Amino acid sequence: MKSVTVQSLTKAFQLEVLAGASGMDRPITRPRTHRPGLEFVGYFDFFPMERVQVLGRKEITYLLTLSVEERKLHIGNIVKYHPPCFIVTSGQQEIPFLTLFCDQEGIPLLRTPEATTEFIAKLDRYLVKALAPEVSIHGVCVNVSGIGILLRGKSGIGKSETAHTLIRRGHRFVADDIVVLKKLGPATLLGTHNETTREFLALRSIGLINVVRQYGRRAFQDETRIVLDIELSPWRENSLNNELEVVPQFTEYLGVQIPHIEIQLQPGRDVAGLIEAAANNWYLKQLGYSAAEEFMKRIEDEMQE
């Protein structure tokens with residue numbers, strides 16, 4: 001099971017450590033945060049104890065309305081479940097008994113000056129990405145006119161060179177050689193690099209180039225949602241390559257079905273241009289337009305005249 005430590009979270013969001021510093025290596029394994037509301041009134045039947053617990057003004061204000069004994073009881077009841085950590089938002093100062101109990105149990109108590117709603121949104125996005133199931137594959141990842149594309153094919157087929165041509169045409173590079181795919185939802189696949197190869201593109205006979213240094217910051221982006229899987233393959237003389245409407249094909253990654261297209265290579269073919277056409281065609285289909293359907297309709301209309 002993937003996890004991130006409380007220490008990593010603290011560093012990523014520049015959180016202030018108030019108590020429980022001995023537990024900074026505690027793992028976080030659940031991608032969503034939780035605001036303990038019902039738990040402060042004693043209802044624990046569905047308490048997600050594995051999640052980060054966020055205490056906003058609502059929770060802290062409620063605690064301050066309780067008597068000292070009630071406050072001690074309710075806070076102690078939550079702390080004994082040993083969640084990964086507690087985070088107090090909006091820079092709140094009055095946090096009765098939280099510091100004491102968190103120090104005793106070794107549970108980090110952290111604080112941020114950010115407002116509760118905005119902070120939770122940021123933290124949830126961070127955890128979803130950090131804890132998402134992932135797989136690494138051999139290929140190249142690019143963003144063509146806002147459309148994330150995974151380029152695959154045998155070594156030496158021309159994936160990196162094609163990506164370089166797309167970069168020169170104003171599109172964006174994401175990853176070369178090793179593409180990390182992360183499943184963010186039932187139908188959402190994110191493509192990114194593995195940090196080591198970040199910004200680097202390997203071109204045969206040339207070597208490594210740094211895309212950002214050569215073509216500027218706008219030529220690179222850290223991640224993109226993958227919506228097309230394009231395989232580059234050698235030209236096959238006897239295969240049918242002029243279908244009016246290609247039968248939909250899909251490739252599955254981590255249980256997510258991605259539309260698949262095969263582009264056969266031949267000297268003189270504008271592969272980058274074909275990829276641009278495939279991206280634009282996919283976009284038009286999302287809008288409900290099919291060139292093949294319009295063409296067939298024109299033929300039918302002519303036959304009826």
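Predicted model, so just to flag it, every value in this text is computed and none were measured.
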Any side-chain heavy-atom pair from Leu254 and Leu189 closer than 4.5 angstrom? yes

Give the C-alpha distance, both sets of side-chain angles, the deciding distance and a yes or no for side-chain contact (heavy atoms from CB on, under 4.5 Å) between Leu109 and Thr99. CA-CA 7 Å; Leu109 175 62; Thr99 305; 3.8 Å; yes

d(Lys285 NZ, Glu293 CD) to nearest 0.5 Å is 9.0 Å

When you measure from the side chain of Arg269 to the backbone of Gln264, do you find a donor-acceptor pair of N or O atoms at a distance under 3.5 Å? yes

Rounding to 0.5 Å, atoms CG (Asp25) and CD (Gln7) come to a distance of 9.0 Å

Please identify each residue that fulfils side-chain contact (heavy atoms from CB on, under 4.5 Å) with Glu39, with sequence neighbours left out. His34, Pro36, Phe44, Phe47, Pro48, Ile78

Residues forming a side-chain hydrogen bond (donor to acceptor under 3.5 Å, both in side chains) with Asp177, sequence neighbours excluded: His138

Which residues pass the ring pair (Phe, Tyr, Trp, His ring centres under 6.0 Å) test with Phe40, not counting sequence neighbours? none

Any donor-acceptor N/O pair, Thr162 side chain to Gly158 backbone, under 3.5 Å: yes

Test side-chain contact (heavy atoms from CB on, under 4.5 Å) on Leu181 and Leu190 and set out the steps. CA-CA 6 Å; Leu181 300 178; Leu190 193 73; over 6 Å; no

Would you please test Leu110 and Val88 for side-chain contact (heavy atoms from CB on, under 4.5 Å) and show each step? CA-CA 6 Å; Leu110 313 170; Val88 176; over 6 Å; no

So Thr188 and Val256, do their side chains get closer than 4.5 Å, heavy atoms only? no

Who are the salt bridge (Lys or Arg N to Asp or Glu O under 4.0 Å) partners of Glu118, not counting sequence neighbours? none

Within the distance-only criterion (no hydrogens, no angle test), does the side chain of Thr65 pair as donor or acceptor with the backbone N or O of Tyr62 below 3.5 angstrom? yes

Please determine whether side-chain contact (heavy atoms from CB on, under 4.5 Å) holds for the pair Leu228 and Leu150, giving the CA-CA distance in whole Å, both sets of side-chain angles, and the decisive distance to 0.1 Å. CA-CA 6 Å; Leu228 277 179; Leu150 181 63; over 6 Å; no

Testing Arg57, Arg111, Glu59 one by one against Gln92 for a side-chain contact (heavy atoms from CB on, under 4.5 Å), which residue passes? Arg57

Residue set satisfying ring pair (Phe, Tyr, Trp, His ring centres under 6.0 Å) with Phe101, at least two apart, ordered chain then number -> none

Should the pair Glu294-Arg298 be classified as a salt bridge under the 4.0 Å nitrogen-to-oxygen rule? yes

Run the side-chain donor-acceptor check on residues 79-87: report pairs under 3.5 Å with partners two or more places apart or on a different chain.
{"residue": "His82", "atom": "ND1", "partner": "Lys80", "partner atom": "O", "Å": "3.0"}
{"residue": "His82", "atom": "NE2", "partner": "Glu105", "partner atom": "OE1", "Å": "2.9"}

For the backbone of Gly106 and the side chain of Asp103, can you confirm whether one donor and one acceptor N or O come within less than 3.5 Å of each other? no

Applied to residues 67-79, the salt bridge (Lys or Arg N to Asp or Glu O under 4.0 Å) test, sequence neighbours excluded, yields none

Looking at Arg152 and Leu232, would you say the former's side chain and the latter's main chain have a donor-acceptor pair under 3.5 Å? no

Pairs of donor and acceptor atoms involving the side chains of residues 272-279, under 3.5 Å and at least two apart or interchain, shall be tabulated with distances.
{"residue": "Glu276", "atom": "OE1", "partner": "Arg169", "partner atom": "NH1", "Å": "2.9"}
{"residue": "Glu276", "atom": "OE2", "partner": "His171", "partner atom": "NE2", "Å": "2.7"}

Which pairs would a plain distance check flag for residues 123-133, meaning a side-chain donor or acceptor within less than 3.5 Å of a matching protein atom at least two apart in sequence or in another chain?
{"residue": "Asp124", "atom": "OD1", "partner": "Thr33", "partner atom": "N", "Å": "3.0"}
{"residue": "Asp124", "atom": "OD1", "partner": "Thr33", "partner atom": "OG1", "Å": "3.1"}
{"residue": "Lys129", "atom": "NZ", "partner": "Glu223", "partner atom": "OE2", "Å": "2.3"}

Under the salt bridge (Lys or Arg N to Asp or Glu O under 4.0 Å) rule, collect the residues that match up with Arg218, sequence neighbours excluded. none

Hits for salt bridge (Lys or Arg N to Asp or Glu O under 4.0 Å) against Asp45, two or more places apart or cross-chain, chain-then-number order -> none

Check whether Gln249 reaches the backbone of Pro259 with its side chain - one donor and one acceptor, N or O, closer than 3.5 Å. no

What pairs with Arg198 under side-chain contact (heavy atoms from CB on, under 4.5 Å), at least two apart in sequence or on another chain? His193, Glu195, Arg217, Phe220, Asp222

About how many Å separate SG of Cys141 and CZ of Phe173, when rounded to the nearest 0.5 Å? 8.5 Å

Are the side chains of Phe97 and Val68 in touch, meaning some heavy atoms are under 4.5 Å apart? yes

